[in-house]
Amino acid sequence: MGQRILVLYSGGTIGMGHTPQGLAPVAGLLPGLLVRFQSEVLDFDLIEYPQLIDSSAIALSDWNRLISDIAKHYHAYDGFVIIHGTDTMAYTASVLAFALQNLAKPVVITGSQLPLVHPRSDGWSNLADAFEAACQSDLHEVVLAFDRVLLRGCRARKVDAASFSGFASPNAPTLARFGITIDWQRSVWRKGAGVFAAQQLDEQVKILPLLLMPGAAAASFGSLLQGEHHGALLMSYGNGNAPAERVLLEGVASASRRNLPVLNLTQVMKGAVAVGAYAASQPLAQAGALPGFDMTPEAALAKLTVLASMSLAPEARQARLLCDWAGEMSIPA
Ligand code: ASP
């Protein structure tokens, strides 16, 4: 018997059809088109969500639905394929990477830049590669299949809205390349261990994403940080540098005193926060900001959200924040 895969179809360009208003999700269209993938070696069931969304509308409740659907069917299937819009695909992949703990099966997310009904759609190859990956019983992580590469979900970023090469993982190696033969990079795959557990998200969690830019932003972020939230990701310059702006630093210190983590991430696509590389990185660290090393903003938002949803003592939460949990960051020795 072949592999048993569960497909969860949440929306996105891939399943859109022509409507009088332009391209829009059309219920039933994608499930009908996918029948051609059924074979002796691949047997899948598909759940089409009642509200197919453009993924720019994704909310914590949508993530909870994906988490609970995978948890509910975890033991009945060999792998999972999630069909999703590209706009927030890297966010969803990151959330699942932290929420599906001790995963011992593949969870593969994919979509496309052109809908399946378009004659040049990239969706067919993306789906074919996603199914291949979902059949690898030693792939124990959340991954993203797109334009002939397989990427670690919590390392992936949408980098191109104009070509088929929509995604990259600038700080992590590729997990597979799909050519005439498939080059599985098994040596960099994560090894599953422990008992699978799914963490539901607290839908009230509020994380502040703060993108530093020259000008008035730093001061206004300071007052946001003084307010109510569950943590923040501060996207600083270069290797984690920021102006020594008093109001910003007071905000970071206030949040840290209240055990609301402020993660310092770099806004540069590639590279890491390295506290001490420049003197300009010290004030943030001294105010209590924690280094996010080379984590993507998508992974940082997901990690903070999942951690805020767990009942953990502040010290335990901080310890988990600073350790590599799902392959999301490299910590310098
Ligand atoms: N706006 C679409 C979405 O994210 C884009 C896509 O799927 O490529 O749902």
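Indexing begins at 1, ligand by ligand and atom by atom, following the structure's order.
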### Query
Hey, which of K191, R155, R152 is the one that makes salt bridge (Lys or Arg N to Asp or Glu O under 4.0 Å) with E141?
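Looking at K191, R155, R152, the match for E141 under the salt bridge (Lys or Arg N to Asp or Glu O under 4.0 Å) is R152.
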### Message
Taking only non-hydrogen atoms of G166, do any sit less than 4.0 angstrom from ligand 1?
### Response
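No, G166 has no heavy atoms under 4.0 Å from ligand 1.
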### Task
Ignoring hydrogens and angles, tell me if any N or O in the side chain of D294 forms a donor-acceptor pair with the backbone of S330 under 3.5 Å.
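Yes: the side chain of D294 pairs with the backbone of S330.
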### Query
Just which atoms of ligand 1 are under 4.0 Å from any heavy atom in G12?
7 (O), 9 (O)
### Message
Only heavy atoms of T13, strictly under 4.0 Å: list the atoms of ligand 1 that pass.
### Response
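Near T13, the atoms of ligand 1 are 2 (C), 5 (C), 6 (C), 7 (O), 8 (O).
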### Task
Hey, can you tell me if F80 and Y74 have their rings parallel, tilted or perpendicular (30° and 60° cut-offs)?
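Rings of F80 and Y74: parallel, under 30°.
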### Query
Above 12 or not: heavy atoms from other molecules or residues under 6.0 Å from CZ of R258?
yes
### Distance-only donor-acceptor check, side chains D87 and S55, under 3.5 Å
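Per modelled atom types, D87 and S55 side chains form no pair under 3.5 Å.
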Got an N/O contact under 3.5 Å between [X] and ligand 1?
| X | answer |
| --- | --- |
| D87 | yes |
| S56 | no |
| S55 | yes |
| H84 | no |

### Query
Nearest protein heavy-atom contact for atom 8 (O) of ligand 1: which residue, which atom, what distance?
T86 OG1, 2.6 Å
#### Entry: Shortest non-hydrogen separation from E48 to L46 and the atoms involved
N-CD2, 3.6 Å
